[in-house]
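Structure first, commentary second.
Quick note: numbers below take in every heavy atom, side chains included, and nothing from hydrogens, waters or symmetry partners. The chain is numbered in sequence order, starting from 1.
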Amino acid sequence: SGTIRWGMRRGSAPDARLDDVQVLGEWNFTLQTDTPLYWLRSGSLDRYLMRVRIHSPCPSTAGFVLHAEADGPGTDGATFWIDRREARKGSSSSESSCTKRYLVAGEGLESTPIVTRTYPDPGGESVEDVELLLQGHSGVIFLQNRQGQLKFKT
């Protein structure tokens with residue numbers, strides 16, 4: 001499930017903290033297991049901040065495609081995903097039942113693909129907040145309460 005807050009730099013918003021952003025509203029949705037990919041059609045946005053809460057079991061892979069053509073197969077854009085795996089026996093993260101890493105890749109990526117180091121993961125159901133800030137063709141994905149950043153260009 002996730003909540004997306006769309007905003008564009010244009011005019012002023014009623015919230016003083018967002019004085020340079022026009023808030024277009026929140027969209028709430030839940031995607032069930034084995035649900036096909038949904039295209040969120042919002043029109044062209046030059047700048048936006050998207051916040052998503054990702055629920056996932058271990059092992060699993062979860063993420064989203066961005067900057068893909070709306071009528072295309074989705075392979076032409078850039079993709080962010082979280083890869084959660086069971087820890088290998090005898091690995092340095094043996095106290096964790098799982099590991100996770102973050103990835104950004106795709107045909108629409110102009111910068112080098114990103115694969116982070118492996119992080120310890122306690123396993124079971126995980127809830128992770130992810131933020132995507134896109135300004136033109138430059139993007140940043142904020143992870144782990146904004147302690148981690150993945151910078152890329154599309």
Side-chain angles (χ1 to χ4, degrees), residues 1-58 60-85 98-122 124-154:
S1 72
T3 299
I4 298 179
R5 178 173 293 239
W6 291 97
M8 295 183 343
R9 290 186 168 281
R10 195 188 309 151
S12 61
D15 187 339
R17 294 173 294 146
L18 302 174
D19 62 346
D20 63 341
V21 175
Q22 179 184 6
V23 176
L24 301 176
E26 289 188 16
W27 296 346
N28 292 299
F29 60 92
T30 301
L31 298 178
Q32 301 299 326
T33 304
D34 298 325
T35 301
L37 180 68
Y38 281 95
W39 293 104
L40 301 175
R41 296 178 191 257
S42 63
S44 179
L45 298 175
D46 290 333
R47 299 175 181 150
Y48 60 88
L49 173 64
M50 180 174 78
R51 294 181 178 138
V52 178
R53 177 166 288 159
I54 298 174
H55 297 254
S56 64
C58 185
S60 69
T61 301
F64 49 84
V65 178
L66 57 127
H67 269 224
E69 291 296 323
D71 297 326
T75 58
D76 57 336
T79 304
F80 161 78
W81 72 98
I82 303 168
D83 185 25
R84 298 183 70 211
R85 296 181 181 195
C98 286
T99 62
K100 69 178 166 186
R101 52 187 191 157
Y102 304 95
L103 301 95
V104 179
E107 291 179 15
L109 198 63
E110 294 294 323
S111 56
T112 305
I114 301 169
V115 179
T116 67
R117 69 176 177 85
T118 301
Y119 292 91
D121 185 330
E125 178 77 16
S126 172
V127 178
E128 185 148 3
D129 292 323
V130 176
E131 294 180 65
L132 165 65
L133 176 63
L134 204 58
Q135 297 180 342
H137 294 283
S138 297
V140 179
I141 296 175
F142 297 103
L143 306 164
Q144 301 175 348
N145 296 320
R146 289 195 169 211
Q147 293 180 4
Q149 297 181 14
L150 306 177
K151 295 181 181 182
F152 61 94
K153 291 194 181 285
T154 60

Calculate, to the nearest 0.5 Å, the distance between atoms CG and CG belonging to Leu134 and Leu66 respectively. 6.5 Å

Flag, side chain of Arg53 to backbone of Val127, donor-acceptor distance under 3.5 Å: no

Quick test of your reading: applying salt bridge (charged side-chain N to carboxylate O under 4.0 Å, His left out), list the pairs with at least one residue in residues 107-117, sequence neighbours left out, ordered by first then second residue. none

Is any side-chain heavy atom of Val104 closer than 4.5 Å to a side-chain heavy atom of Leu109? yes

Apply side chain to side chain donor-acceptor pair (under 3.5 Å) to Arg85 and list each qualifying residue two or more places apart in sequence or on a separate chain. Asp83

Rounded to the nearest 0.5 Å, what separates atom CG in Leu103 from atom CD1 in Ile114? 9.0 Å

Which atom pairs, one a donor and one an acceptor, fall under 3.5 Å between side chains of residues 140-154 and the rest of the protein, sequence neighbours left out?
{"from": "Gln144", "atom 1": "NE2", "to": "Tyr102", "atom 2": "OH", "distance (Å)": "3.3"}
{"from": "Arg146", "atom 1": "NE", "to": "Glu131", "atom 2": "OE2", "distance (Å)": "3.2"}
{"from": "Arg146", "atom 1": "NH2", "to": "Glu131", "atom 2": "OE1", "distance (Å)": "2.8"}
{"from": "Lys153", "atom 1": "NZ", "to": "Ser138", "atom 2": "OG", "distance (Å)": "3.0"}
{"from": "Thr154", "atom 1": "OG1", "to": "His67", "atom 2": "ND1", "distance (Å)": "3.1"}

Just verifying a value: how many Å separate His137 NE2 and Ser111 OG, rounded to the nearest 0.5 Å? 12.5 Å

